[in-house]
Amino acid sequence: MKRRDAAARPRRGHRAAAYARGLLPSREDYRAVKHTWRRDLLAGVTVGIVALPLALGFGVSSGLTAEAGLVTAIVAGLLAAVFGGSNVQVSGPTGAMVVVLVPIVALHGAGTVAAVSILAGLVVLLAGLLRLGRAVSFIPWPVIEGFTLGIAVIIFLQQVPLLVSPTLSGAGEHSANAVVAVVQALAGADWSYVPWALGAAAGVIGCMTLAPRLHAALPGSLIGIALVTILTAVLPTPLAVIGVLPASLPAPALPSFDVTAFGDLVAPAVTVAALAAIESLLSARVAASLADTGPYDPDRELVGQGIASVGSGLFGGMPATGAIARTAVNVRSGGRTRLASITHALVLLTVVLFAAGPIGAIPLAALAGVLMLTAVRMVHGATVRAILHSTRSDAAAFVVTALITISLDLIVAVGIGVVCAGFFAIRNLSRATAVQREEAPGDPAPGDEHIAIVRIDGPLIFAAADRVFDTVIGLTGISVVIIRMSRLELVDATGARVLSEIVQTLERRGVTVLIKGIQPGHEELFRTVGVLAALRHQNHLFTDLPAALEHARTHIRRRSGDRST
């Protein structure tokens, strides 16, 4: 035994070392670059152009600054590209993360976001090391789509304060709830400002809509922002602008915050970490299905995203996640290796170093227009219709998740959505359990009316256990019961326990129980829970029905003989 343990320890050590190496960057990550570098560079530039207005907009909408959004896109985008588990994932600030950050800023202040980013990054990093990357597969599709719809509605509503007053720089001056914040913003609106802001937003939305129709490569958002910025500089408008931006990245440093408030930041950090993990893994999975970009490692993806959020927090940024829209642009633009995502971050860094002045002149209303159209494009009508017309349970999970996302909290919404979907799934699974009495095959024999052949089909789980128990125990006027299990699929401990109780109850009544067709996969559970021990004799186990029926008839004949004497 000691020798085996000694031999097992090196094997476990080798496996642990191999797993650790799999979570780190390697040459294999860039093996294809020599064949794809031209397309990767072009895709990286394209994604950088697309990401610029989104990074600025998400930074402002979160209650922070446009600088925070840019820093996040650069630092987190670079770190996630190098350390992440996907070859084409593009990371940075996202709308979903903004939705979570707004109440954090409102409750704890903008200065705590960097600390929350570091704490959340450490949690995500730990999740990757604990191999929790496959957990996202337990979230049903309707829940994911309901979550997405709710996020889209909130992102759209969060732009309203930017369109109704030049003095509102973010959601921090309003309620953390987007719906309530809209009511508050409209109540204090500057109606002389609204037409200018709506005009700027409409101009950007118009360019984003029309530019792709002229040529697919035209960056509609940048064109629209550039036109509105030029008009704002030329005309005497009241439009509020981003303001002065630094012409370089800030130096990395640990964020300063009140140590006594550390406990208050743990819960928000866990929420941010959960969202970062879910969105990043979903994005990586979608990217893997768009083109042949190689496999992705979900555990390494969590490690990379954790490192990215920690790095972003050290530079004063916000938590980052994989961005589905930007990742899709990367793949469709020809990106096939990490070089494309790295290039995207370097493009944004170049913009900061050499174009900070023009960026500071961008009107906030123009960014609101970008995010409003982005929110609308997040929702696909065909997908919504497909879910609503699928099954009532899936439609209910979709609607419940969306409503809770909008009214309460994203992570709570996902949790309740999963519970809701799980409840309906278990209910449907239990309905698939069938218990029916069958006639004896072949020619009838005297006394067959005292033999009940009961067949259990489908899964036998806790949700169906009581129904199975009541059906079998409710049989009357019988002396022998043959329980057929050859079509029994899934069995849990509750189902096995109920079978044991059925056998015990019938045997106490003087009814002999015979079991036919126990599957090899169920035998160990039945032995552990006590199903087999509850039988009167081990000879009451059978592999075919004719033998079980003949044994039952023997019992009937014996009882008839006893009564005749």
Side-chain angles (χ1 to χ4, degrees), residues 29-30 32-59 66-67 69-82 84 86-94 204 207-208 210-227 229 245 247-249 283-284 286-287 290-294 308 312 317 320 322-359 362 366-367 370 373-374 377:
D29 296 339
Y30 305 94
V33 167
K34 59 183 177 181
H35 303 294
T36 65
W37 65 272
R38 290 184 180 86
R39 286 185 297 167
D40 288 334
L41 290 176
L42 179 61
V45 172
T46 303
V47 178
I49 293 172
V50 171
L52 176 59
L54 293 175
L56 296 171
F58 287 141
E67 177 191 358
L70 272 177
V71 167
T72 305
I74 295 168
V75 177
L78 180 62
L79 292 175
V82 174
S86 169
N87 291 326
V88 292
Q89 177 92 288
V90 178
S91 300
T94 63
V204 173
C207 289
M208 292 177 67
L210 295 176
R213 297 181 182 179
L214 299 176
H215 195 284
L218 288 176
S221 58
L222 278 185
I223 293 173
I225 287 176
L227 290 176
T229 303
L245 290 177
S248 63
L249 286 179
S283 178
V286 169
L290 292 176
D292 184 15
T293 58
S312 177
I324 295 177
R326 275 159 275 174
T327 300
V329 170
N330 184 28
V331 174
R332 289 167 181 159
S333 300
R336 292 296 180 269
T337 73
R338 298 165 191 269
L339 178 62
S341 304
I342 293 171
T343 302
H344 134 271
L346 296 179
V347 167
L348 293 176
L349 177 60
T350 302
V351 170
V352 170
L353 295 178
F354 300 102
I359 290 176
I362 295 175
L367 298 179
V370 172
L373 187 57
T374 299
R377 288 175 173 174

Check [X] against [Y] and note the closest heavy-atom contact, atom names and distance.
| X | Y | result |
| --- | --- | --- |
| Ala323 | Thr94 | CB-CG2, 3.9 Å |
| Ala66 | Leu56 | CB-CD2, 3.7 Å |
| Ala80 | Ser91 | CB-OG, 3.4 Å |
| Ala55 | Pro93 | CA-CG, 4.0 Å |
| Val347 | Gly44 | CG2-O, 4.3 Å |
| Ala284 | Ser86 | CB-CB, 4.2 Å |

Apply side-chain contact (heavy atoms from CB on, under 4.5 Å) to residues Val352 and Ser248 and explain how you reach the verdict. CA-CA 6 Å; Val352 170; Ser248 63; 5.7 Å; no
How would you list, by chain and number, every residue that makes a side-chain contact (heavy atoms from CB on, under 4.5 Å) with [X], sequence neighbours excluded?
| X | answer |
| --- | --- |
| Ser341 | Ala81, Val90, Asn330 |
| Val329 | Thr46, Val47, Val50, Ser333 |
| Ala356 | Leu245, Ala247 |
| Ala328 | Leu290, Arg332 |

Step by step, would you call Val331 with Arg336 a side-chain contact (heavy atoms from CB on, under 4.5 Å)? CA-CA 7 Å; Val331 174; Arg336 292 296 180 269; 3.9 Å; yes
For residues 211-227, run the donor-acceptor check on the side chains, cut-off 3.5 Å, and write out each pair with its distance to 0.1 Å, sequence neighbours left out.
| from | atom 1 | to | atom 2 | distance (Å) |
| --- | --- | --- | --- | --- |
| His215 | ND1 | Ala217 | N | 3.0 |

Gln89 backbone acceptor or donor facing Arg326 side chain under 3.5 Å: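 No: the side chain of Arg326 does not pair with the backbone of Gln89.
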Tell me every residue that passes salt bridge (charged side-chain N to carboxylate O under 4.0 Å, His left out) with Arg338, counting only those two or more places apart in sequence or in another chain.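 Salt bridge (charged side-chain N to carboxylate O under 4.0 Å, His left out) list for Arg338, sorted by chain: Asp29.
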Of all residues at least two apart in sequence or in a different chain, which pass the side-chain hydrogen bond (donor to acceptor under 3.5 Å, both in side chains) check with Thr36?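 In terms of side-chain hydrogen bond (donor to acceptor under 3.5 Å, both in side chains), with neighbours along the sequence ignored, Thr36 is linked to Asp40.
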Thr72: side-chain hydrogen bond (donor to acceptor under 3.5 Å, both in side chains) partners, not counting sequence neighbours: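 Counting only residues at least two positions away or on another chain, Thr72 forms a side-chain hydrogen bond (donor to acceptor under 3.5 Å, both in side chains) with Ser312.
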How many angstroms lie between atom [atom1] of [X] and atom [atom2] of [Y], to the nearest 0.5 angstrom?
| X | Y | atom1 | atom2 | answer |
| --- | --- | --- | --- | --- |
| Asn87 | Tyr30 | CG | OH | 9.5 Å |
| Leu41 | Ile342 | CG | CD1 | 10.5 Å |
| Leu348 | Leu353 | CG | CG | 11.0 Å |
| Leu78 | Leu346 | CG | CG | 6.5 Å |
| Ile49 | His344 | CD1 | NE2 | 11.5 Å |

Please test Thr374 against Leu54 for side-chain contact (heavy atoms from CB on, under 4.5 Å), starting from the C-alpha separation and ending with a verdict. CA-CA 9 Å; Thr374 299; Leu54 293 175; 3.6 Å; yes
